[in-house]
Amino acid sequence: MFRSIRWRIAVPYVALILVTMLGLALYISGHFRKARLEDLEAQLLTDARLLADSARPLLVAGQEDEALDALARHWAGLVEARMTIIGVDGTVLGESHEDRTEMDNHLLRPEVQQALAAGQGSSIRFSRTVGYQMMYAALPVTSDGEVVGIVRVALPLREIEASVSQARQVVLTAALITALLAVLLALLIAERSARPIRRLTEVAERMADGDLGARLLPTSRDETRQLTLAFNYMANQLDEKMTNLAEEQSRLTAVLEYMADGVLITDAAGQVQLINPAAAQLLGTTREAALGRSFVQVVRDHRLVEVWEGCRARSEEHITAVELERLRLFLRVIVTPLQDPGRQDWLVILQDLTEIRRLDTMRRDFVSNISHELRTPLASLKALVDTLRDGALDDPLAAQRFLDRIETEVDALTQMVQELLELSRIESRQVPLRLVPTGVTEVVTPPVERLQPQAERAGLSLAVDLPPDLPRVLADAERGQQVVTNLVHNAIKFTQPGGQVTVRAYVGGHGSQSAATEVGRPEVVIEVADTGVGIPIDDLPRIFERFYKADRARSGGGTGLGLAIAKHIVQGHGGRIWADSVEGRGSTFYFSLVAVR
Ligand code: ADP
């Protein structure tokens, strides 16, 4: 209870008021009593003086005691007080209320002693004679300067005590009522003072629960108004900062979500605290599986762990390139310490350079291939020209032979340049494809017919197997024929005499990589199978690259560009191209075209 500000304000107030009122009541009643006693004393002394005056002649004359007794009683009746006349020796000579003969010597009574010593005396005492508190006032009776007796007037204090206690009660009641009112007032003031603080607490709690729009209306013009205004200002600032933070966080989340680089944050213990989708994809895991697990478990690659450990050991940024064989990835890894106050986190950025490296390798291969391809015909041209110059010109037959060979070389070079140009035009989409619904026969038959004589010359049988109900495909017939020509031409080139080349077509779902159902689009697969030399398994993934020749010795005059061109044409049609082969047993090339229903 006393923890609440209301009570902390009210209780001291109430205590102060109660103590003050009680003190005041006691003081007033004490003062009142004292004044009453003084009044009474004065009154008793006045009465004593009257009695002394009346008693003097009797005392001087040595009157009989009866007369003094009667005098005492007479005066007692007049002033309504107890009257006593005492001789100089202390003997009671007259008494209004008691039997004087039974009363003891009064010389040693304090008021009597005082009267004899100081001329008047008074005392408050319990009277054993009457049995209650009395006030006594005594005066010496003098005659010619000589004390002849002492008169004493007494009144019980009962009345005074009663009136004092009544007065005390009144004061106490008044004090209590005042105190009660003061308590109520104190509680009211305390409640009013505590109310704004309570409301502030409520609003602060609402804000803590997430309601950042909660505000207070200032209701007074005092300090609480300033507190309320300051609180509202603080709430506005907080709201603004939180909004900015939330905006920033959502931007950051979006950046992390869509950025191509993988981002991971680990804590000092090495547990993954954050992982973005790119990092999860690169490492072949998921956000849910990675969060809270150790970095080592998530990356599962000792070189990545080494880079990370190295950065942790030196506490400085570390950049390195790492090849992850397990995932066939080439990564640039950047590990940076994050200087968050009070904790040590590590930021790991994974940049996938696999594609860039592949393109770079391809570019380098391309340059070296093209130089290589050009070197042989150019060297042979140079040799032929030198031979002619060195005298062969004089031999017309030899000259003719050399010229023929020069022509062949130049034709080969021209063809290569043409194919390169064509490839680059197809790659850069400068060759517009007119994709229209076309019969598969239109794509397959003309090239097969054209190559039939060549197959026969090579001692091969070339067959076509087309089901009659094939759907039409979306194709540029001329370009489609170019692909078939390339594939059949290769099949003839790489198959020994007596072999078999077969061209088939069917609706998707056949072949090693067919994924017609995967893309959910019907397609027609055209297949060129031979029983030739086949392609080594290691070369198979690369045969569609420019200039790539699996077996340079056997590829003869080929440029190595045919399959690259075929691949680009097929891709331009929205289809795929792939190959299967068993070395020594033959190869099968497939390409797909989108079917039209
Ligand atoms: P090329 O002009 O040399 O034939 P291609 O791009 O058409 O160039 O073929 C690339 C390489 O793929 C060839 O050099 C050969 O090694 C291999 N290849 C293509 N088709 C076949 C096939 N039917 N049988 C065996 N190897 C093939």
Side-chain angles (χ1 to χ4, degrees), residues 362 365-366 368-377 408-409 411-427 444 447-448 450-452 454-455 458-464 479-504 511-513 525-572 576-591:
M362 268 176 68
D365 284 357
F366 178 73
S368 92
N369 285 336
I370 202 164
S371 335
H372 182 81
E373 293 300 323
L374 289 173
R375 208 169 47 212
T376 321
T408 314
E409 292 293 352
D411 282 351
L413 275 176
T414 313
Q415 192 199 341
M416 188 169 81
V417 172
Q418 262 172 1
E419 283 185 1
L420 266 177
L421 265 178
E422 168 133 342
L423 183 62
S424 108
R425 281 171 61 216
I426 295 173
E427 266 183 332
V444 172
V448 171
R450 228 178 303 126
L451 288 168
Q452 195 69 49
Q454 198 179 330
L460 303 171
S461 86
L462 173 58
V464 179
R479 293 287 164 188
Q481 289 169 11
Q482 197 179 345
V483 175
V484 176
T485 308
N486 271 345
L487 297 182
V488 174
H489 191 265
N490 277 348
I492 294 170
K493 202 160 64 174
F494 294 103
T495 307
Q496 304 90 335
Q500 169 83 42
V501 177
T502 317
V503 184
R504 292 188 195 90
S512 66
Q513 294 181 27
V525 177
I526 297 167
E527 173 189 308
V528 179
D530 64 52
T531 56
V533 296
I535 303 162
I537 188 93
D538 293 339
D539 292 323
L540 207 51
R542 301 196 58 190
I543 50 171
F544 295 100
E545 289 174 17
R546 278 176 275 184
F547 294 116
Y548 198 83
K549 295 175 192 171
D551 183 346
R552 290 191 174 269
R554 270 193 277 190
S555 66
T559 55
L561 292 168
L563 286 180
I565 293 174
K567 181 181 87 176
H568 283 285
I569 293 175
V570 171
Q571 284 176 349
R576 297 162 299 115
I577 186 164
W578 68 101
D580 268 349
S581 181
V582 178
E583 214 179 341
R585 304 259 298 270
S587 322
T588 310
F589 282 79
Y590 312 83
F591 71 96

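In this text the structure is predicted, and so the values were computed from the model without any measurement. One-based numbering, in listed order, for ligands and for the atoms of each.
- More than 12 heavy atoms of other residues, nucleotides or ligands sit less than 6.0 Å from atom CZ of Arg450.
- Using a 4.0 Å cutoff on heavy atoms, Lys493 counts as a contact of ligand 1.
- When non-hydrogen atoms are compared, ligand 1 lies under 4.0 Å from the side chain of Phe589 (C-beta onward) but not from its backbone.
- Residue Glu583 holds its CD atom at 10.5 Å from CG of Leu540, rounded to the nearest 0.5 Å.
- Taking distance alone, with nitrogen or oxygen atoms compared against 3.5 Å, Leu563 approaches ligand 1 more closely than that limit.
- Atoms CD and OG, on Glu419 and Ser424 in that order, are 12.5 Å from each other to the nearest 0.5 Å.
- Of the heavy atoms in Leu561, only backbone atoms (N, CA, C, O) come closer than 4.0 Å to ligand 1.
- Atoms of ligand 1 found under 4.0 Å from any heavy atom of Ile535 (numbered from 1 in listed order, with element): 25 (C), 26 (N), 27 (C).
- To the nearest 0.5 Å, atom NZ of residue Lys549 and atom CG of residue Leu561 are 8.0 Å apart.
- Distances shorter than 4.0 angstrom do not occur between any heavy atom of Asn486 and any atom of ligand 1.
- For ligand 1, the atoms sitting less than 4.0 Å from at least one non-hydrogen atom of Ser587 are 22 (C), 24 (N), 25 (C), numbered in the order shown with element in parentheses.
- Test Glu427, His568, Gln482 against Glu422 for side chain to side chain contact (heavy atoms under 4.5 Å, CB included) and you get one pass: Gln482.
- Every atom of ligand 1 is numbered from 1 in the order shown, and the set under 4.0 Å from a heavy atom of Ala491 is 23 (N).
- Relative to atom 1 (P) of ligand 1, the option among Gly586, Gly534, Gly560 with the closest non-hydrogen atom is Gly560.
- Not one N or O of Lys549 is nearer than 3.5 Å to an N or O of ligand 1, by distance alone.
- Proximity of a side-chain donor or acceptor of Thr485 to a complementary backbone N or O of Pro447 within less than 3.5 Å is not detected.
- Judged as a side-chain contact (heavy atoms from CB on, under 4.5 Å), and not counting sequence neighbours, the contacts of Ser371 are Val367.
- Residue Ile543 approaches ligand 1 through these ligand atoms, each under 4.0 Å from one of its heavy atoms: 12 (O).
- Ring geometry for Trp578 against Tyr590 counts as parallel: the plane angle stays under 30°, on a 0 to 90° scale with 60° as the upper cut.
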